[in-house]
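The figures here come from the full heavy-atom set of this structure, side chains too, leaving out hydrogens, waters and symmetry mates. Protein chains get the first letters and strands the later ones, always in sequence-line order, with residue 1 at the start of each.
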Number of protein chains: 2
Amino acid sequence: MKSNKFLAIYNELCKQIKSGELKPHEKIPSENVLSEQYETSRETIRKALNLLSQNGFIQKVKGKGSIVLDVRKFSFPVSGLVSFKELSKTMGQPSQTIVHEFGLVRPDSFIKKQLNISSKDEIWRVIRARQIEGEKIILDKDFLLKKHVPLLTKEICEDSIFQYLENDLNLKISFAKKEIVVENCTEEDQQYLDLEDFQHIVVVKNYVYLDDTSLFQYTESRHRLDKFRFVDFARRGH
Amino acid sequence: MKSNKFLAIYNELCKQIKSGELKPHEKIPSENVLSEQYETSRETIRKALNLLSQNGFIQKVKGKGSIVLDVRKFSFPVSGLVSFKELSKTMGQPSQTIVHEFGLVRPDSFIKKQLNISSKDEIWRVIRARQIEGEKIILDKDFLLKKHVPLLTKEICEDSIFQYLENDLNLKISFAKKEIVVENCTEEDQQYLDLEDFQHIVVVKNYVYLDDTSLFQYTESRHRLDKFRFVDFARRGH
DNA sequence: TAGTGGTCTAGACCACCGA
DNA sequence: CGGTGGTCTAGACCACTAG
């Protein structure tokens with residue numbers, strides 16, 4: 001781990017809020033007090049508090065102080081970048097992944113357009129069904145550029161592609177564009193999912209970028225209508 | 001407007017990126033150069049650049065510099081807090097608002113739960129259909145606490161409640177929790193919208209908070225399946 | 001008026017990158 | 001090696017809120 005002072009302070013305050021040591025609607029100590037407590041400058045404290053504010057833990061009010069928000073109301077932060085494995089872990093539900101298709105292929109015209117590549121590039125194509133509480137309700141279709149991911153195995157796909165990329169390949173994922181739309185079910189959806197009578201499906205399209213700003217992965221996460229939920233915490237103004 | 005130096009710099013760079021003066025994949029001047037150009041300190045420049053980074057305009061790379069991202073790929077930022085009027089303006093599509101129900105009521109049990117209030121509080125209840133290119137595809141149901149909004153008129157609802165709150169009442173909206181789910185269509189949906197044969201509807205639930213952290217508005221925005229689209233730009237790590 | 005958070009400064013040291 | 005962005009400091013002034 002790095003030794004970021006402001007991150008350490010953020011984590012400590014974060015923990016205190018989650019544990020209830022700092023209660024909702026109460027004020028946290030002022031920036032001046034905190035800078036003495038932590039023996040650091042005020043700007044460093046402010047960095048930590050701004051992080052807390054961005055992530056919905058506190059609300060800063062000019063002239064008054066910083067108030068703790070009711071985190072329970074904002075729980076389940078599906079917003080941002082999270083992998084299915086991280087998600088199912090925090091939700092505490094038993095889940096299972098079934099790899100249906102896996103291989104190295106040439107891109108078809110659709111993928112060429114999505115990833116903005118030529119026919120010469122090879123890509124990993126993975127199709128997985130996600131089962132939660134006995135029902136197959138999510139179909140994940142991943143397309144990764146071989147250029148950035150030389151090796152991929154079925155075993156990795158059964159665990160977490162995401163963890164493999166970050167931990168083993170040490171690829172730094174920096175940002176993603178996410179798009180949510182509703183589409184008609186395909187035969188593929190019907191084949192791999194427990195769709196009941198639903199005729200539509202919620203599709204989350206993810207365009208994932210690396211640290212050097214290169215687009216390297218396109219993912220479609222297809223959710224059964226009744227099981228889909230997306231939560232976002234948004235701040236107004238800056 | 002206020003005279004925030006870092007905001008002014010942010011806006012100027014933002015404009016240069018949007019206009020193409022600073023092109024995608026090119027580097028912007030270094031922080032040291034910019035601090036000389038703008039005759040300011042480096043920390044102030046960094047504030048501006050961090051804002052650009054958060055909003056998806058640039059990517060900062062340690063040891064190298066800041067690279068301009070392809071903004072066109074991330075256009076249409078429905079993410080965050082935007083009103084229908086702001087949205088239709090940026091999309092450049094002709095739109096129309098029809099106020100179906102409007103009045104001051106006592107909260108039913110559902111709204112009491114959503115807004116976390118008692119039976120004594122009065123609320124404004126507004127139901128509006130949004131028509132785009134001749135089709136009624138969005139049903140907005142707004143519930144506002146009278147405690148914070150003493151007066152509301154049908155005319156305001158036909159224009160923009162949001163603008164009225166911010167500009168005239170000078171209420172400061174600071175953050176919101178947004179939740180997206182899919183529900184079965186109600187009779188109300190069928191009555192007020194051009195639903196065709198869709199049996200489900202995308203519901204965006206908004207819990208809106210003021211500067212002093214008080215919850216004062218609950219909004220349901222019900223979108224016809226085929227017309228719904230949500231785009232998000234997410235960064236990983238901090 | 002005293003205390004709060006918001007902004008800004010000038011300088012410092014570090015890790016990282018490229019030549 | 002020099003240049004880059006990342007972090008941290010100690011101090012300053014401001015606008016706002018409260019008593």
Legend entry - Rounded (10°) bend between the five-pair end axes of the helix from dT1(C)-dA18(D) to dG18(C)-dC1(D): 0°
Legend entry - T44(A) or G63(B), whichever maps to the more 5' nucleotide of DNA chain D: G63(B)
Between [Y] and [X], is there a salt bridge with N-O shorter than 4.0 Å?
| X | Y | answer |
| --- | --- | --- |
| K5(B) | E39(B) | no |
| D232(B) | K177(A) | no |
| R125(A) | D142(A) | no |

Inset, instruction - Give a yes-or-no answer on whether the side chains of S174(A) and Q59(B) include a donor-acceptor pair shorter than 3.5 Å. - result: yes
Would you say [X] places a side-chain N or O within less than 4.0 Å of OP1 or OP2 belonging to [N]?
| X | N | answer |
| --- | --- | --- |
| R46(B) | dG6(D) | yes |
| K47(B) | dG6(C) | no |
| S30(B) | dT4(D) | yes |

Inset, instruction - Measure from the side chain of E43(B), starting at C-beta and using heavy atoms only, and say which of dA10(D), dG6(C), dG11(C) lies closest. - result: dG11(C)
Side-chain donor-acceptor pairs under 3.5 Å in residues 16-28 of chain B, sequence neighbours left out?
unit_1, atom_1, unit_2, atom_2, d
S19(B), OG, K15(B), O, 3.3
S19(B), OG, Q16(B), O, 3.2
S19(B), OG, E21(B), N, 3.3

Inset, instruction - Using the test side chain to side chain contact (heavy atoms under 4.5 Å, CB included), find all partners of K172(A) that sit at least two apart in sequence or belong to another chain. - result: D211(A)
